[in-house]
A.B. asks: 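Right, I'll just put the structure down here and ask away after.
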Amino acid sequence: MKDTFLIIAYMAIWLGLSGYIATLAHRQKKLSLRIELLSKRLNTEKESS
Amino acid sequence: MSSLHQIRFLLCKDLRVELRKKESLVSMAFFGALILVILNIATGIGKQVDAETGAGILWVAVMFSSVLGLGRVFAREKENGCVAALLISPAAPWEIYVAKALVNFTLMVLSELVLVPVFYVLFGAQLQGTPLTLVPILLLVNLGFSVTGTLISAISAGTRRNEVLLPILLFPLLLPLIAFAVKATSAALAARPFAELLDQLEPMAAFCVIFAVVGYLLFPFAIRED
Amino acid sequence: MTLTNRSSLFAGAAALLMPVAIGMIFFYAPLEKTMGSVQKIFYFHLPLAFSAFLSFFVAFVAGIMYLRTRRQVWDARLAASVEIGVVFTTLVLITGSLWGKPIWNTYWTWDPRLTTSLILWFIYASCLILRSAVEEEGKRATYCAVMAIVGFVDVPIVFFSARLWRSIHPVVIRSDSVGLESSMLITLLVSMLAMLAFWIGLYKFRVSLQLQEAAANELLNPKD
């Protein structure tokens with residue numbers, strides 16, 4: 001009985017923290033994609049001008 | 001013009017607008033009475049509530065109706081672009097803060113003049129305390145609500161979701177004040193001696209002082225439009 | 001990129017210390033006599049609560065600094081600490097209830113500590129909602145700074161008022177009467193260090209992410 005609560009609590013901690021880190025990592029990934037697109041656009045503008 | 005003059009001028013301006021349009025006051029009193037009726041039905045028709053439940057019911061009605069009026073205090077200025085006009089007027093930001101808090105205080109007092117009698121009609125059968133002992137509690141909550149609420153409504157009026165954000169931001173901050181008020185009110189409604197109320201009234205007054213100082217310091221930042 | 005490097009330094013320290021802490025919790029720390037295995041929640045519950053409170057303090061300081069200097073980096077620090085604080089407080093509340101259920105026989109009681117954490121959670125979660133509701137950067141930063149300061153001022157008041165309520169609510173347990181054995185204390189210390197390193201790494205990462213996003217936004221939509 002007590003062990004169940006312990007296991008649920010530890011699962012909650014690790015699911016919560018890793019979930020948060022995963023969202024942050026996702027945001028970081030989206031950001032680098034945006035920056036990549038931006039630099040590509042800048043390069044094409046430079047070549048055409 | 002001295003600060004006192006400025007504040008009185010701003011206060012009279014807002015009260016005059018309110019008197020002509022009556023948009024806040026009518027909806028506050030109406031909504032509060034509506035909540036009281038709903039809670040009366042929800043507690044069971046024909047059942048009498050005791051002092052503690054009654055105190056909770058009264059404060060639910062007062063809080064939810066007051067937040068309606070508070071939302072209008074700044075939204076009216078924002079909609080007409082009058083905040084900029086207020087800021088370039090000779091009135092200092094803290095004078096605007098005091099005036100707005102007083103406007104809200106007045107609106108709350110006036111709406112409670114309707115709500116408390118309605119509360120007594122609907123729930124008063126079992127309550128022994130006289131309504132007079134409620135007066136200091138009501139005044140202190142009005143003050144605490146106004147000094148905190150004016151600061152928060154300056155923030156929420158600057159967003160596009162004023163009506164939704166205002167209670168979300170304000171109610172968590174007010175929780176300690178409401179807790180004291182509910183406890184004091186249940187003592188008052190049960191006709192306990194006044195000295196018992198004092199234990200709750202003192203921290204409520206401290207709450208008002210602390211948030212008045214915080215509001216005075218932070219309001220100039222909240223009202224700036226940049 | 002020094003920011004990311006330093007953040008990975010702390011993340012590395014946390015990655016080293018976390019497994020050590022978990023190992024110590026389950027194999028080194030003795031079983032508590034009355035509470036049994038559930039007590040092992042404590043070794044993460046307390047560090048989480050401490051780091052959550054630390055984040056709100058950082059948010060308070062960052063709010064004051066932002067209003068004084070108007071520098072974007074303080075807004076990024078504020079945003080990072082509020083967000084991490086809310087995540088950590090959520091976990092504190094969850095683990096606390098799960099610890100309370102078998103020991104106090106209730107998920108929730110209005111103990112001052114519990115009340116304060118819950119109200120803190122509400123205040124700073126509303127601050128996050130406020131952040132999502134304002135588009136203009138300067139406005140958003142000012143509003144959040146004001147809210148973070150007001151919220152932190154409210155903390156002692158909430159704690160004090162909750163202590164007064166106890167006169168009507170029965171006291172279920174006094175959390176400061178938990179005596180700690182030295183091996184438990186060492187375990188707690190290690191997990192506290194691990195959590196702090198984790199917090200710093202997370203915080204630095206979140207701040208740099210915020211600043212990078214703001215810079216990218218500026219490049220994509222220049223102001224003039």
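The structure presented is a predicted model; accordingly, all values stated were derived computationally and were not measured. Numbers restart at 1 for each chain; the letters A, B, ... are given by sequence-line order, proteins then strands. Values reported hereafter were calculated over all heavy atoms of this structure, with side chains retained and with hydrogens, waters and symmetry mates removed.
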A.B. asks: Does CD in C/Glu213 sit with more than 12 non-hydrogen atoms of other residues, nucleotides or ligands closer than 6.0 Å?
C.D. replies: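 Buried by this count: over 12 neighbours within 6.0 Å.
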A.B. asks: Is it the backbone or the side chain of B/Leu177 that comes under 4.5 Å from a heavy atom of chain C, or both, or neither?
C.D. replies: neither
A.B. asks: More than 12 heavy atoms of other residues, nucleotides or ligands under 6.0 Å from CH2 of B/Trp59: yes or no?
C.D. replies: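 Yes.
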A.B. asks: Could you check which of C/Ile129, C/Val150, C/Leu118 has the highest count of heavy-atom pairs closer than 4.5 Å to chain B?
C.D. replies: C/Val150
A.B. asks: Using the side chain to side chain donor-acceptor pair (under 3.5 Å) criterion, which residues pair with B/Ser27? Sequence neighbours excluded.
C.D. replies: none
A.B. asks: Around B/Phe64, counting heavy atoms of other residues, nucleotides and ligands shown, do more than 12 lie under 6.0 Å from its CZ?
C.D. replies: no
A.B. asks: Enter the distance from C/Arg70:CZ to B/Phe221:CZ here, rounded to the nearest 0.5 Å.
C.D. replies: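 Answer rounded to 0.5 Å: 6.5 Å.
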A.B. asks: Which bit of B/Leu217 comes within less than 4.5 Å of chain C, counting heavy atoms only: side chain, backbone, both or neither?
C.D. replies: neither
A.B. asks: Pair B/Leu218, C/Leu67 - check side chain to side chain contact (heavy atoms under 4.5 Å, CB included), show working.
C.D. replies: CA-CA 9 Å; B/Leu218 293 180; C/Leu67 290 183; 3.7 Å; yes
A.B. asks: Which atom pair, heavy atoms only, marks the closest approach of C/Tyr143 to B/Ala222?
C.D. replies: CE2-O, 3.5 Å
A.B. asks: With chain C, which of B/Ile152, B/Leu169, B/Ile168, B/Val214 has the greatest number of heavy-atom pairs at distances under 4.5 Å?
C.D. replies: B/Leu169
A.B. asks: Heavy atoms, side chains only, cut-off 4.5 Å: are B/Leu175 and C/Val158 in contact?
C.D. replies: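 Result no, sub-4.5 Å side-chain heavy-atom pair not found.
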A.B. asks: Report the distance from atom CG of B/Leu174 to atom CD1 of C/Ile119, rounding to the nearest 0.5 Å.
C.D. replies: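 So the CG of B/Leu174 and the CD1 of C/Ile119 are separated by 10.5 Å.
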A.B. asks: Taking every non-hydrogen pair under 4.5 Å, which of C/Val134, C/Leu130, C/Ile149 racks up the most with chain B?
C.D. replies: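 Going by pairs under 4.5 Å, I would pick C/Leu130.
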A.B. asks: Cut-off 3.5 Å, no hydrogens considered: what does the side-chain donor-acceptor table look like for residues 47-65 of chain C, sequence neighbours left out?
C.D. replies:
from    : atom 1 : to       : atom 2 : distance (Å)
C/Ser51 : OG     : C/Pro47  : O      : 2.5
C/Ser55 : OG     : C/Ser51  : O      : 2.6
C/Ser55 : OG     : C/Ala52  : O      : 3.1
C/Ser55 : OG     : C/Trp199 : NE1    : 3.2

A.B. asks: Test side chain to side chain contact (heavy atoms under 4.5 Å, CB included) on B/Ile210 and C/Val153; report intermediate values, then the result.
C.D. replies: CA-CA 9 Å; B/Ile210 292 170; C/Val153 169; 3.7 Å; yes
A.B. asks: Please name the pair of heavy atoms, one in B/Leu173 and one in C/Gly151, separated by the smallest distance, quoted to 0.1 Å.
C.D. replies: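 Here B/Leu173 and C/Gly151 meet closest at CD2-CA, 4.1 Å.
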A.B. asks: Applying a heavy-atom distance below 4.5 Å, give me the residues of residues 99-108 of chain B that approach chain C, sorted by number.
C.D. replies: none
A.B. asks: C/Thr116 versus chain B, heavy atoms under 4.5 Å apart: side chain, backbone, both or neither?
C.D. replies: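 The answer is neither part of C/Thr116.
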A.B. asks: A quick test of your reading: do over 12 heavy atoms of other residues, nucleotides or ligands sit less than 6.0 Å from CZ of C/Phe152?
C.D. replies: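 It does: C/Phe152 CZ has more than 12 such atoms within range.
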A.B. asks: Given heavy-atom pairs under 4.5 angstrom as the criterion, report whether the side chain, backbone, both or neither of B/Phe219 touches chain C.
C.D. replies: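 The answer is neither part of B/Phe219.
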A.B. asks: Return yes when atom CZ of B/Phe171 has more than 12 non-hydrogen atoms of other residues, nucleotides or ligands closer than 6.0 Å, and no otherwise.
C.D. replies: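 Count over threshold, so yes.
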A.B. asks: Can you pull out the residues in residues 154-164 of chain B with any heavy atom less than 4.5 Å from chain C?
C.D. replies: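 Only B/Ala154, B/Ile155, B/Gly158, B/Thr159, B/Arg160, B/Arg161 of residues 154-164 of chain B have a heavy atom under 4.5 Å from chain C.
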